[in-house]
Amino acid sequence: MKNENQTMLSFSHAAVGYGEKVVLQDVSFQVKKGEYVALIGSNGTGKSTLIKCVSGLLPLTGGEIEICGKNSRKLKARERAQMVAVVPQSYYVDYDFTVEDIVMMGRNPYIDFRHRESQEDREIAERAMKLTKTDMFRNRLYNQLSGGERQRVILARAITQQPDIILLDEPTSALDLHHQIEVMELIRQLNEKEHITVLAVLHDINLASRFCSRIVILKDGKVKADGPPREIINRREIIPIRVMDEKQTAKPLRIHVICGEKGGVRILEQLTNMGHFVSAGVVNRESDDAEICEYLGSQGLRLIPSRQ
Amino acid sequence: MKNENQTMLSFSHAAVGYGEKVVLQDVSFQVKKGEYVALIGSNGTGKSTLIKCVSGLLPLTGGEIEICGKNSRKLKARERAQMVAVVPQSYYVDYDFTVEDIVMMGRNPYIDFRHRESQEDREIAERAMKLTKTDMFRNRLYNQLSGGERQRVILARAITQQPDIILLDEPTSALDLHHQIEVMELIRQLNEKEHITVLAVLHDINLASRFCSRIVILKDGKVKADGPPREIINRREIIPIRVMDEKQTAKPLRIHVICGEKGGVRILEQLTNMGHFVSAGVVNRESDDAEICEYLGSQGLRLIPSRQ
Amino acid sequence: ETDAFPVTVMDDFGNEVTLEKALESIVSLAPVDTEILFALGAGDSVTGRTDYCNYPEEAADVDSIGTYMEPNMELILSKSPDLVVASGFIDDNIRQQLEENGTAIFITNASDLESTEKNIETLGKLIGHDAEAEEVVKNMEDEWTDLSAELENVKEEKSAFIDIGSLYSAGPSSLLDNSMQMIKVENVAADADSAWPQLSAEAVVEANPDVYISLYSTLEDVQQTAGLSDLACLNEDGGFIYTDGSSVEGDMIQRPGPRYVEGLKVLAELVYPEIAE
Amino acid sequence: MKNKKSKTGFLVLAVLLCLGIVWVCTITGAASVSISDANRILLNKLFHLNVSLEEISKGNITIIWNIRFPRIILGFITGAALAVSGAGYQGIFKNPMADPFVLGISSGAALGAAVGIVCHFTFRIGVFNSTMLLAFAGSFATLFLVYSISRVGRRVPVATLLLSGVAINSTLSALMSFIMMMNKQSMDQIMFWTMGTLNGKGWNQIAAVLPWVLIGLVIMLLSCRELDVMLTGEETATQLGVNIELVKRKVLFASSLLTASVISVTGIIGFVGLVVPHVVRLLTGPKHRRLLPVSMVFGGAFMVICDTAARSLTTSEIPVGIITSICGGPFFLYLLRKSKKGGGVV
Amino acid sequence: MKNKKSKTGFLVLAVLLCLGIVWVCTITGAASVSISDANRILLNKLFHLNVSLEEISKGNITIIWNIRFPRIILGFITGAALAVSGAGYQGIFKNPMADPFVLGISSGAALGAAVGIVCHFTFRIGVFNSTMLLAFAGSFATLFLVYSISRVGRRVPVATLLLSGVAINSTLSALMSFIMMMNKQSMDQIMFWTMGTLNGKGWNQIAAVLPWVLIGLVIMLLSCRELDVMLTGEETATQLGVNIELVKRKVLFASSLLTASVISVTGIIGFVGLVVPHVVRLLTGPKHRRLLPVSMVFGGAFMVICDTAARSLTTSEIPVGIITSICGGPFFLYLLRKSKKGGGVV
Ligand SMILES: Nc1ncnc2c1ncn2[C@@H]1O[C@H](COP(=O)(O)OP(=O)(O)OP(=O)(O)O)[C@@H](O)[C@H]1O
Ligand SMILES: Nc1ncnc2c1ncn2[C@@H]1O[C@H](COP(=O)(O)OP(=O)(O)OP(=O)(O)O)[C@@H](O)[C@H]1O
Ligand SMILES: [Mg+2]
Ligand SMILES: [Mg+2]
């Protein structure tokens, strides 16, 4: 049934606002199954608003949104939540829920009074916590976590929802560089292996062009540009975003990765795959990473134990 | 009186935790007047916790913190707030306060029942809103702003506090690239022109090394490394943070700035000053920016109207 | 006295009460009913009373079953009563439960002399003490005749304000209002719009009563009430009458039972000291 | 696994505890019925065992079987219903001061009862007498009034709901006071009605409330998961597939049904619905899946014990609300102080 | 600039409005004193003008000058104090259900008064009689009890404070009911006391409460800015130089002083302290700098008008709490519906 080229998310002339204030005027674009779209736009252009529309928090004032071919207006909250998961920009909980509780809530769209929470549900949550590395603090209270830890917990919850589409609002804003890349990598894996369609609001156009298959730029309530990263950044149109583009994948870069513990593998691998000239530094001779560097080195990675 | 080399912030063997959980074990470092220090560490290392200690929200369990030479334990909230302003990681307000109300609250440490809020206070708030470009939505409700807009409002409030030290917890996490650089630039100006000491938690080590005079790295509740960016990144020690360091100021880069509206000036100027090879692209021939590019061009900036 | 059963009478709530056989056990749920029952000579059959039944003294020997607002069902039933006599306060549910367990309930709710006498007679008939009832009522009538004769001597009728606390007073058709009418005292609160009105201080001052009857507050307290200290009656002898509402006299005034006329007399003598002589 | 075991354990323990309490309370009381007599009556009536009751006086049988035992059952139902209802309201409103009466249900009931008492209606439908019917009608009329006043389009913001409830509550109480004032004869009766009691309530009342209470409890227990998700915020709940307006309607309806049915029979009994959920929350945390069942058991048991004290301590009845507050208040304060968190809950 | 002008404008308007209300209410009442007489008495007494009072009966002078006028002044003081106190509690607790009685001040006062009434104490200090003194003492004892129970080290978490208040409130009310139950004779007296009224209150009572109310109001009005900052969160407030524990203590003390002093004289008057701040907040927004003064004026004026209705509508007094609720409730609901936001305030 499910066509690989199925349109998962389709905006046609979508318009929305808060009271008098119009935020989105006429947004039209479509996201196909398995795409990984970055939504870019300056502060206050309505990216979060767009996400709210898709997740049913704001009623459209004009146009249509279709989710998996179904009109968004007619979707029940439950149906929608089975198809769409959201990682919001920030998220508070006043109550003493543990991380596990929060993640398990991702199963809510699949549980009702006839189908109680099953072993399978618990396993799915388990896996999501493992993937996001939040399982080590599963029993801690959510509101006692640090900013970055929280962000990963919410990602875990979204994964637990097993959605067709995942909407991320600046999913890495509170993460350190290490986790940032890990999370982006995780999302790419979900996208590639499980064919989850991803729409992510990102401010870092470098991150976007490195990970996403397509960039949509919002401005003045409309889609200003839409296409693969390479194309977008080279477009002649006036793009209102300042881009430091020395990181474009199109141009090989010399990148020095400082890493010393195990775990650098993925990053090194990935950067190499992207075609950059990667160097890794200050690696402990005895460490795991050193071995990997050596291994990778034979595939084009120059291992330099120290700089200068 | 005030020595240029005065120690503004001094941690000596500071230790703190939540209940049983120890977060900072033994943190010692000093920040001198006019320094701009980046605090770096992976998620959950206790950066926000450290900031909470300085702003008096958490009592130390060991060691001392001195602020402008005064023991932090003995500081009154009011005194402290006149010296230290904080831009927290995230910030909610349940009530219908306007942006102006929120910014004016920055004057609170200077007002009491004898000294009512004066014209001067209002002017200071005014200036802070101008600097952070939040004056255009001064009358809107804070809780109806977008994530990025909020972050700037809180920065405006911190500036209104006219502190000697400003503590920033990921001050640019929700900002688009444009505002990110503007805000970082603004903080640098405050730092350079008004000699405000800055301690900023940053995840983007590139941003840190570009703007800060010094980097402090936290790990395992201790200071793991401390020094100027160049030094830190070249240190032989095992630094647990992966750094893409191709942006180091030490190495001139080719940077292409896509800009088309006015406002690119500062960025272009700054990058040029940093010694990079800067190119600006897709500039509207008739726009303000074009003129500026031409002007800067004569100072070593190559203006290329389009790429490829 | 014995062959009258079954007896059926009508109580103050309009319910028919039927007794099939002679009584062994009566529980009284109100002080006034206890007084009536004892006056009727049925004291021996009274097996339960309330905490507040303080008259006659013999009543103290009877077991208490609680207060009239919150009697204890179990204690009532443990007396296996044939009849429960209660005041109008009785809770519907309690009544229902008692009826379901085969207990007859008689409710008294008198607010003047006539209905008081009627209650005594009806209750007498119900429990088969007609003669005693007749006697009690006759006594009351006699007392009343004496009292009204004495009241003839009153030259100048007085107006009075009854303060049952915080300027609350006895409104129209209340027992106290009816009592005042009988003893020729003009009740300042007689045209209030409820039976238990609170008069405003200015209304009291405007009415300027000849007598101020206070059941709970002392003269000092009353004088603290704004504007009242200027009242003529508070500043002359005999103008202020304090009768402790919880005293014997207070009970007599406030209970529509056998001692009601006695109470009237006490009240009348307080207001018109001249008839006391 | 562990979860399931502890659940069964809890269930067994709870049932045993409740049975124990019911038994102890049945043999306790103002009237002196010997323990063996009480047991024999229970065995005979409850399990239809062939235990002879011939030597026991009819009065004692009535006391145990028609008065004490149904009163205990009704007490349990009342306590359970009020506690669950309070927990439900506290969850929906996210407000620690919310109690079963926060939407004016109680003042609506009281107003209805007052009208019934003043007008001396005598009609009855089945086991319901006029006062009960009017109180129940008053409750539900109030609920719908508050709900429709608070409605903005298809949404019902809880903040508005709460404020409307507060306002309606005052207004209806005032109207009731006004009726009381104007009808001195009925004043005491209305006042005693408002001071809830289980005195004089029996099998009839159980029959009258049980169906509604069961419906209410089932709806509430089936809404636990959704209530949990709602606690994390309405927006998030929507994104997690909860139809928040439906849940609100459902929980408000069920909570109100619980409260209205119970208080139309017993009159207004405070404290239990307000404080029991807090006490339980200090022990179980905020998750409704544990909060609601434990509140139910705890509320019921607490009510039965307090009511037993109310009818046994002195010769007269002490209104049960007084006992619950005097004993429960200090206990709650003790828990509050002990809990290190300082009760930063709900 | 604009701010200042509108401030002065508001002040002038408010003062004029209040004077107008006071005047209209002074010439209105159950006793029929002609308008010209009333005016002459006021002119003579208030401004010591040389207006002859000879033709006016002494009773009328007493009515206007010793009964009606002071009652109006006391009404204004009471309304203002309760409204400001309610706003203060709502601000500190960030809870829309908080009212002046949330910490148990009222049940403390009632318990104190009940003890006074039951024990027939007759001592007095100056203008204070024993009931007033005991009520006031009861209030403050309760405040300190709640405060010290909630204290965790040097901090007093508001959530704990609120819950303790709720518990203490129930417990003390229950104790009072118990006293009432045990003392049938004093029952009515205690009930009258709890149904607050301004009837019979005059210059003495004004003298008794005015100093405390002034202290309370001044403290509250001087804490506006800090209260605003506190609304944005305790952590932020600390970072903005607010000593949050001090502010809490200050505001709790001042609010309680306002409430305790007023209710120890008038008895418990509900509604005003709960709803007036909400009404005002719908008009002014959450900033205390506007909320508190406007609540003060609005509360005072509202109280005076309702009390005038209470004493003039029928031949007997209607308890003023009934009038405030019956009129104020629907008005508040109307505002709530009209405000587009749907009242998502406090
Ligand atoms: N509840 C609201 N009421 C009114 N206006 C709002 C509301 N929420 C957001 N806005 C306005 O709508 C516009 C879009 O907001 P939105 O949050 O969608 O921006 P965004 O693209 O996510 O920005 P950011 O990158 O800063 O997060 C902004 O101008 C914001 O001020
Ligand atoms: N209130 C709290 N109670 C208990 N533990 C806490 C609390 N707040 C934070 N922690 C824990 O303390 C550690 C440090 O937290 P902190 O917020 O300081 O981290 P951080 O360095 O700011 O991280 P991030 O980059 O994710 O913001 C974390 O492990 C966190 O889980
Ligand atoms: Mg956003
Ligand atoms: Mg942090």
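Residue numbers begin at 1 in each chain, while the letters A, B, ... track the order of the sequences.
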State plainly whether the residues Lys287(D) and Asp101(A) are in salt-bridge range, i.e. N to O under 4.0 Å.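 Looking at Asp101(A) together with Lys287(D), the answer is yes, because their closest N to O distance falls below 4.0 Å.
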To the nearest 0.5 angstrom, please state how far the CZ atom of Phe97(A) sits from the CG atom of Asp228(D).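 Phe97(A) CZ to Asp228(D) CG: 4.5 Å, rounded to 0.5 Å.
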Pairwise distance CG(Leu58(A)) to CD(Glu235(D)) - rounded to 0.5 angstrom: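 These two atoms lie 8.0 Å from each other.
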Enclosure of Tyr334(D) OH (heavy-atom neighbours >12, cutoff 6.0 Å):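 Check fails, neighbour count at 12 or below.
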Could you check whether atom CZ of Arg127(A) has more than 12 heavy atoms from other residues, nucleotides or ligands sitting under 6.0 Å from it?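 No.
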Most chain D-contacting option - heavy-atom pairs closer than 4.5 Å, from Thr98(A), Ile102(A), Asp112(A), Leu167(A):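 Most pairs with chain D among the choices: Asp112(A).
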Pick from Val86(A), Leu75(A), Val84(A) with the largest number of heavy-atom pairs that fall under 4.5 Å of chain D: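 So the answer, after comparing Val86(A), Leu75(A), Val84(A), is Val86(A).
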Proximal component of [X], with respect to chain D [non-hydrogen, under 4.5 Å]:
X         : value
Arg157(A) : side chain
Ile154(A) : neither
Tyr110(A) : neither

Nearest heavy-atom neighbours spanning [X] and [Y]:
X         : Y         : answer
Leu240(D) : Gly106(A) : CD2-CA, 4.2 Å
Gly241(D) : Asn108(A) : C-ND2, 4.2 Å
Thr238(D) : Ser55(A)  : CG2-O, 4.2 Å

Within the structure provided, determine whether Leu57(A) and Gln239(D) are in side-chain contact (heavy-atom separation under 4.5 Å).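 Leu57(A) reaches Gln239(D) side chain to side chain.
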Member of Thr232(D), Leu231(D), Val242(D) meeting the side chain to side chain contact (heavy atoms under 4.5 Å, CB included) criterion with Met105(A):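 Only match with Met105(A) under side chain to side chain contact (heavy atoms under 4.5 Å, CB included): Thr232(D).
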Does any backbone or side-chain atom of Arg155(D) lie under 4.5 Å from a heavy atom of chain A? Answer side chain, backbone, both or neither.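 Neither part; nothing is under 4.5 Å.
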With chain A as the partner, which of Asn243(D), Leu221(D), Ile244(D), Val229(D) has the greatest number of non-hydrogen pairs under 4.5 Å?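 Going by pairs under 4.5 Å, I would pick Val229(D).
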